[in-house]
2 protein chains.
Amino acid sequence: MSLCTPTSLKAELNAKGWRLTPQRETILHVFQNLPRGNHLSAEELHDLLKQRGEKISLSTIYRTVKLMARMGIIRELELAEGHKHYELNHPYPHHHHHIVCIQCNQTLEFKNDTILKQSLKQACKTGVQMIDCQLTIHAICPEAIRKGWPAMLPSSWTCSRAIASGHQSLEEIQEHLEQDDPESE
Amino acid sequence: MSLCTPTSLKAELNAKGWRLTPQRETILHVFQNLPRGNHLSAEELHDLLKQRGEKISLSTIYRTVKLMARMGIIRELELAEGHKHYELNHPYPHHHHHIVCIQCNQTLEFKNDTILKQSLKQACKTGVQMIDCQLTIHAICPEAIRKGWPAMLPSSWTCSRAIASGHQSLEEIQEHLEQDDPESE
DNA sequence: ATGTATGCAAAAGTTTTGCACGTTA
DNA sequence: TAACGTGCAAAACTTTTGCATACAT
């Protein structure tokens, strides 16, 4: 599934003068065996390893995830919990994006190849080398709405400010989308 | 351009029992007069206000940007600088996304309606109310490459891990994209 | 053998919070 | 005037860093 094996990781590290250490191999292994849809914070990874009896210092964890993110092996996710989360950077076609509820922080994955394509196209056009692309949809989930949220939003809230111009209703925009949207993933 | 005026802000706040204060009005005003493409951290906003002689405490700034983000008035951006940035949540069709160089942190805006459409569609399908959607492309810019970066990536780096499966080259994927990509923004 | 990586503890930086005082509706 | 918001200072957290030791190549 993933392109990264201990052997290839070693090769890539050595090519730049870096080293494969047991800690790095262990951390890679954890991410590769993480069930789909899971992602870990540095702290969570630290605790998980401690539980398994593998004590790797927090410093090393931070240094390692940063290194691996720069290598494109893992993705740094900025969700809504106040700290970063990490997960394997699954190659196409397993790449995915996230919906985050801004009240309860619940996170949902979804796949959408159109977004990946558009990103790659944009990167080409701009002349940069893409390492990762992440679409994050900030939203309010049905449970949150039921529970009385949004406490701070007008009760007639329809997301219209976020997406609509002053003269278009949400419904109009959605109609517009139905008409000419090219892909139904 | 923006749907939010002091009057409408007051109405929305009052509807929930909150209040319009001079601080909140000032902060809204700053964001509304920020040139396109600019975004501010809490600290930067604090300094900017101080320079203008308007002293608003950092606490209030943090409290206000969080409030306004939840109202959908401003967007919280998670770029690469280690802290959040804020900007007006421009309504469609002025909505935009970001490319960030993971070495030099340079940030570039781009517009892409397809992404907005796909996001809205996904939100509908999932049954949530979308407040904002942000695509962030993590990339390495040409200058960074010229300067010897990526120090930690193999010299043959082609972004292939990030997007390609084991059997597809970047070129193949790009060809594929050229064929059936529906929109050329 | 040399240069890297790790672990620990301390530091740095951002964001949040408690509380007394002001202000808004 | 009652509830909400602000400012200040302290606290809470996440992430980074300096340095001595250990390890991979």
Side-chain angles (χ1 to χ4, degrees), chain A residues 6-28 39-47 49-50 53-71 74 76-86 102 105 151-152 154, chain B residues 6-28 39-47 49-50 53-71 74 76-86 102 105 151-152 154:
Chain A
T7 307
S8 75
L9 178 60
K10 183 173 191 310
E12 287 193 21
L13 288 168
N14 290 350
K16 285 291 171 182
W18 319 117
R19 289 162 190 187
L20 182 61
T21 62
Q23 290 89 337
R24 289 176 179 174
E25 203 168 335
T26 299
I27 290 171
L28 175 63
H39 36 70
L40 298 173
S41 68
E43 194 77 38
E44 287 164 348
L45 177 52
H46 188 232
D47 292 347
L49 289 168
K50 206 184 291 175
E54 312 223 40
K55 298 223 175 83
I56 298 181
S57 76
L58 245 188
S59 306
T60 296
I61 288 176
Y62 274 110
R63 286 189 275 234
T64 302
V65 292
K66 183 179 248 183
L67 173 68
M68 289 185 176
R70 287 185 167 172
M71 294 176 76
I74 62 176
E76 225 176 60
L77 304 178
E78 307 271 11
L79 303 173
E81 294 87 357
H83 45 68
K84 290 172 187 155
H85 278 178
Y86 303 88
I102 63 174
N105 287 346
M152 297 182 186
Chain B
T7 308
S8 75
L9 178 59
K10 183 172 192 309
E12 287 194 20
L13 289 167
N14 290 351
K16 285 292 172 180
W18 320 118
R19 290 161 190 186
L20 182 61
T21 63
Q23 289 90 337
R24 289 177 179 174
E25 203 169 335
T26 299
I27 290 172
L28 175 64
H39 36 71
L40 299 172
S41 68
E43 194 78 38
E44 286 164 349
L45 176 52
H46 188 231
D47 292 347
L49 288 167
K50 207 186 290 175
E54 313 224 38
K55 298 222 175 83
I56 299 181
S57 76
L58 245 189
S59 305
T60 296
I61 288 176
Y62 275 110
R63 285 188 275 233
T64 303
V65 293
K66 181 178 249 184
L67 173 67
M68 289 185 174
R70 288 185 165 172
M71 294 176 76
I74 63 177
E76 226 176 57
L77 305 177
E78 306 271 12
L79 304 173
E81 294 86 356
H83 45 68
K84 289 173 187 155
H85 278 177
Y86 303 88
I102 63 174
N105 286 348
M152 296 183 186

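A, B, ... follow the sequence lines: proteins, then strands. Residue 1 opens every chain.
- Residue B:R24 contributes atom CZ, which lies 15 Å from atom P of C:dT23 at whole-angstrom precision.
- Counting only heavy atoms from C-beta outward, the side chains of A:S57 and A:T60 approach each other to under 4.5 Å.
- Contact of the B:E78 side chain with the A:K84 side chain is not registered, since no non-hydrogen atoms from C-beta on lie closer than 4.5 Å.
- No donor-acceptor distance shorter than 3.5 angstrom exists from the side chain of A:E25 to the backbone of A:P22, with no hydrogens or angles considered.
- Where A:L58 and B:K55 meet DNA chain D, the nucleotide closest to each residue was compared, and B:K55 sits on the side nearer the 5' end.
- In the interface, the side chain of A:S41 is not paired with the base of D:dT14 through any donor and acceptor atom under 3.5 Å apart.
- Within the structure, a side-chain polar atom (N or O) of B:Q23 is placed less than 4.0 Å from OP1 or OP2 of D:dG7.
- In this structure, the CG atom of B:L67 is 13 Å from the P atom of C:dT16, given to the nearest Å.
- Here A:K10 does not reach the OP1 or OP2 of D:dA24: none of its side-chain N or O atoms lies under 4.0 Å away.
- Contact annotation for A:T21: backbone-only contact, meaning every heavy-atom pair under 4.0 Å involves sugar-phosphate atoms and none involves a base.
- You'll find a donor-acceptor pair under 3.5 Å spanning the side chain of B:R19 and the base of D:dA3, going by distance alone.
- Rounded to whole Å, the distance from CG on A:L9 to C1' on C:dA5 is 14 Å.
- Distance CG (A:L79) to P (D:dT14): 15 Å, rounded to an integer number of Å.
- Set against C:dG7, D:dC8, D:dT15, the side chain of A:H83 has D:dT15 as its closest nucleotide.
- Looking at heavy atoms from C-beta onward, A:Y86 lies out of side-chain contact with A:H39 at the 4.5 angstrom threshold.
- Under 4.0 angstrom from either OP1 or OP2 of C:dG7 there lies at least one side-chain N or O belonging to A:T60.
- When rounded to the nearest whole Å, the span between NZ of B:K66 and P of C:dT17 equals 6 Å.
- Distance B:L45 CG to C:dT14 P: 14 Å, rounded to the nearest Å.
- Heavy atoms of B:R63 sit under 4.0 angstrom from at least one base atom.
- If you measure from atom CD of A:E25 to atom P of C:dT6, you get 12 Å, rounded to the nearest angstrom.
- B:H85 has its NE2 atom 10 Å from the P atom of C:dT14, to the nearest Å.
- Ranking D:dT16, D:dT25, D:dT15 by closeness to the A:L20 side chain, first place goes to D:dT25.
- Mapped onto DNA chain C by nearest heavy atom, B:Y86 and A:G17 fall at different nucleotides, with A:G17 at the one closer to the 5' end.
- Proximity of a side-chain donor or acceptor of A:R24 to a complementary backbone N or O of A:R19 within less than 3.5 Å is detected.
- Each of B:Y62 and A:S59 has a nearest nucleotide on DNA chain C; the 5'-most of these lies closest to A:S59.
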